[in-house]
Amino acid sequence: YVGRAYSELGDVAYDIGDIDGDGRLEIVNGSGTGVATAFDADLSKLWEFNNHGYNNRHVVCRCVDGDGAHEALVASDTGFVYALKGDGSTLWQTDLGSPVYALCAIGPESGPPMLAAGLASGQTVVLNASGQVRTTHEGTAPIKFIYDAGSTDDGCPMLVVVDTSERLTVLAPSTPL
């Protein structure tokens, strides 16, 4: 038994990653009350990110800036995806114009990933590691889940997307990793 860490109430999304570069995994959680919090392995609070009361729907820990330490990538009901550095400061933020309901990293752990964001508008948006939009797919219902399904033979990512109508779509954006 390690201990307990307080988390904001509401829907909570978690991921783990070495966000401070010390070789140990940290825990990052986003809550439905708008606070994302990072804890070290001993469950001591490292930082909080205030999303002004907007739901933090999904959290992904992956290195996007090439320094080897993971960033905390937060999908928000504000319509933004935030990349937070190991100290909790914002590396970048991208406004996708609709609440971001789902988020996943695409590609191998060994290099900078692309990100796939599923929106309330039904769109699936692929971002590069700097938060720039690479491609968009129009859907008909809000996106509920999005998963990395590997890549095609020519290196293009494959995504499994599930919307609130329980429709499952496999996308292969034409952008090689």
Side-chain angles (χ1 to χ4, degrees), residues 7-21 25-40 45-109 111-139 142-148 157 159 161 163 171 173 175 177:
S7 173
E8 293 284 323
L9 297 175
D11 298 329
V12 179
Y14 289 90
D15 202 6
I16 59 171
D18 181 12
I19 62 171
D20 61 8
L25 295 176
E26 287 77 39
I27 302 166
V28 180
N29 79 289
S31 76
T33 61
V35 176
T37 309
F39 299 94
D40 67 15
K45 187 186 300 183
L46 297 173
W47 50 258
E48 284 187 348
F49 171 74
N50 184 349
N51 198 20
H52 309 289
Y54 288 91
N55 194 350
N56 296 309
R57 296 258 180 185
H58 208 110
V59 175
V60 175
C61 293
R62 282 289 292 273
C63 179
V64 295
D65 64 1
D67 70 356
H70 291 160
E71 281 69 44
L73 306 159
V74 179
S76 168
D77 274 3
T78 61
F80 281 84
V81 173
Y82 298 96
L84 306 176
K85 297 191 284 187
D87 63 3
S89 63
T90 304
L91 176 64
W92 54 257
Q93 61 186 38
T94 299
D95 184 359
L96 298 179
S98 178
V100 184
Y101 283 2
L103 186 68
C104 78
I106 308 168
E109 283 282 339
M114 289 201 293
L115 306 170
L119 309 184
S121 66
Q123 292 178 314
T124 299
V125 179
V126 176
L127 308 168
N128 67 15
S130 299
Q132 298 165 321
V133 174
R134 297 290 301 269
T135 187
T136 301
H137 176 270
E138 299 295 329
I143 305 302
K144 191 162 122 177
F145 301 108
I146 191 162
Y147 301 99
D148 178 2
L159 303 170
V161 179
D163 66 24
L171 301 175
T175 307
L177 294 174

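Only this structure's heavy atoms are used, side chains among them; waters, hydrogens and symmetry mates stay out.
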Test side chain to side chain contact (heavy atoms under 4.5 Å, CB included), reference Val28, set Trp47, Phe49, Phe39, output is Trp47
query: Ignoring hydrogens and geometry, is there a side-chain-to-backbone donor-acceptor pair from His137 to Thr124 under 3.5 Å?
result: no
Next on the checklist: Donor-acceptor check, side chain of Asp148 to backbone of Gly107, threshold 3.5 angstrom: yes or no?
Outcome noted: yes
For Asp77, the side-chain contact (heavy atoms from CB on, under 4.5 Å) test, sequence neighbours excluded, returns Tyr54, Asn55, Arg57, Pro99, Tyr101
His70 meets the side-chain contact (heavy atoms from CB on, under 4.5 Å) criterion, sequence neighbours left out, with Ile19, Cys61, Cys63, Glu109
ask   = Given side chains that start at C-beta, do those of Val100 and His58 come closer than 4.5 Å, heavy atoms only?
value = no
Looking at side-chain heavy atoms only, is the closest gap between Ile146 and Val161 below 4.5 Å?
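With C-beta onward as the side chain, the pair touches.
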Between atom [atom1] of [X] and atom [atom2] of [Y], what is the distance when rounded to the nearest 0.5 Å?
X      : Y      : atom1 : atom2 : result
Leu91  : Ser130 : CG    : OG    : 8.0 Å
Asp20  : Asp40  : CG    : CG    : 8.0 Å
Leu103 : Leu127 : CG    : CG    : 8.0 Å
Thr135 : Gln123 : OG1   : CD    : 10.5 Å
Lys45  : Thr37  : NZ    : OG1   : 5.5 Å
Asn51  : Asn56  : CG    : CG    : 4.5 Å

Across all chains, not counting sequence neighbours, the side chain to side chain donor-acceptor pair (under 3.5 Å) partners of Asp163 are Arg167
Residues passing the side chain to side chain donor-acceptor pair (under 3.5 Å) test with Asn128, sequence neighbours excluded, are Gln132
For residues 88-100, the side chain to side chain donor-acceptor pair (under 3.5 Å) pairs (sequence neighbours left out) are Asp87-Ser89
Distance-minimising heavy-atom pair for Pro113 and Ala129 |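 What the structure gives for the nearest pair is O-CB, 3.3 Å.
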Note: Pro142 and Ala120 closest approach over all heavy atoms is CG-O, 3.2 Å
- Contacts of Asp18 that satisfy salt bridge (charged side-chain N to carboxylate O under 4.0 Å, His left out) - sequence neighbours left out: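 With neighbours one apart ignored, the set is empty.
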Would you tabulate the side-chain donor-acceptor contacts of residues 78-86 under 3.5 Å, counting partners in other chains and residues two or more places apart, or write 'none'?
residue, atom, partner, partner atom, Å
Thr78, OG1, Ser76, OG, 2.8
Thr78, OG1, Phe80, N, 3.2

